[in-house]
**Student:** 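Take a look at this one; I'll ask things after.
Counting starts at 1 for both ligands and their atoms, in listed order.
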Amino acid sequence: MKDDEMIQILEYGLMEWGIVLNAEQRERFMRLTRWLMDWNKRMNLTNITEPERIAVEHYLDSVAPLAFGLLQGGMRVVDVGTGAGFPGLPLAILRPQASFTLVEATRKKTDYLRAVMAELGLTGVEVVWGRAETLAHQPEYRERFGVAIARALGALDVVLECTLPFVKVGGIAVAYKGPRVSGELAFGEKVAALLGGQIEKVHRFPLPQSDLQRTLVVVRKTTPTPPRFPRRAGLPEKRPLRLLRKGA
Ligand code: SAH
């Protein structure tokens with residue numbers, strides 16, 4: 001197993017953002033990689049199977065918000081639809097002072113996440129099995145987080161409906177996107193307003209150690225989300241807000 005190469009690529013990439021790993025973080029990334037690759041043989045966790053690509057497309061991609069100062073220590077962060085723990089786990093490794101809630105609808109994936117967290121000895125990370133549409137209406141989760149993040153959860157309106165209800169007024173939702181996001185920004189602005197937010201910043205950047213382009217859409221929550229959002233499970237995707245007529 002090419003642990004050293006994987007770590008080297010990760011470290012070179014992080015260097016571009018001024019981030020340096022300590023020994024414990026390096027060890028945690030190595031263990032995480034071994035566990036991900038091992039469990040991935042038995043269940044479908046990720047299509048990315050080479051350690052070098054895991055370093056770039058999972059780890060560097062996940063921690064990109066740190067390059068833009070979007071996540072401070074002591075914050076409460078929710079990762080909605082975390083899958084195999086992205087972007088939440090790499091962020092938790094780099095920001096042990098923040099607390100993370102990883103939300104995932106598939107039971108097998110939350111089983112994996114609980115096992116891997118015990119293996120990594122990560123404290124300050126909570127794994128919750130459930131759907132965003134339900135959890136975001138529970139008082140212990142609704143408008144309780146400084147930051148909500150989501151990667152590969154769907155179009156921007158789906159992402160915003162499933163993240164903004166978790167965010168406190170004054171906090172942010174961060175949508176991880178690929179290179180082509182312009183088409184989504186037009187309706188994103190309207191949908192954000194409907195949910196109590198506004199698009200504050202769109203960061204476009206090259207992913208280090210690759211020729212990939214990425215976008216982070218930062219939405220600031222300015223007013224409480226109306227209680228009818230998120231709509232019931234499945235609706236954000238089936239009847240996306242961008243397609244709803246006014247008053248519907
Ligand atoms: N964020 C991860 C996984 C993306 S795939 C990554 O970028 O690698 C989307 C994941 O979100 C799946 O694991 C799916 O089970 C979960 N998911 C989709 N809709 C969800 C919802 N409404 N609530 C909670 N989890 C959801």
**Student:** Could you give the distance from CG (Leu21) to CD1 (Ile7), rounded to the nearest 0.5 Å?
**Tutor:** 6.0 Å
**Student:** Going through the distances and angles, do Glu126 and Thr101 end up as a side chain to side chain donor-acceptor pair (under 3.5 Å)?
**Tutor:** CA-CA 5 Å; Glu126 168 195 34; Thr101 299; 2.8 Å; yes
**Student:** Is any NZ, NE, NH1 or NH2 atom of the basic residue among Glu184 and Arg242 found under 4.0 Å from an Asp or Glu carboxylate oxygen of the other?
**Tutor:** no
**Student:** Cation over ring, Arg76 on Phe145, under 6.0 Å and within 45°?
**Tutor:** yes
**Student:** Taking the ring of Tyr176 and the ring of Phe86, is the distance between their centroids below 6.0 Å?
**Tutor:** no
**Student:** As a test of reading the model: which residues have a non-hydrogen atom less than 4.0 Å away from ligand 1?
**Tutor:** Gly81, Thr82, Gly83, Phe86, Glu104, Ala105, Thr106, Lys109, Gly130, Arg131, Ala132, Glu133, Arg151, Ala152, Leu153
**Student:** So if I apply the side chain to side chain donor-acceptor pair (under 3.5 Å) rule between Thr46 and each of Arg53, His58, Glu57, which one comes out positive?
**Tutor:** His58
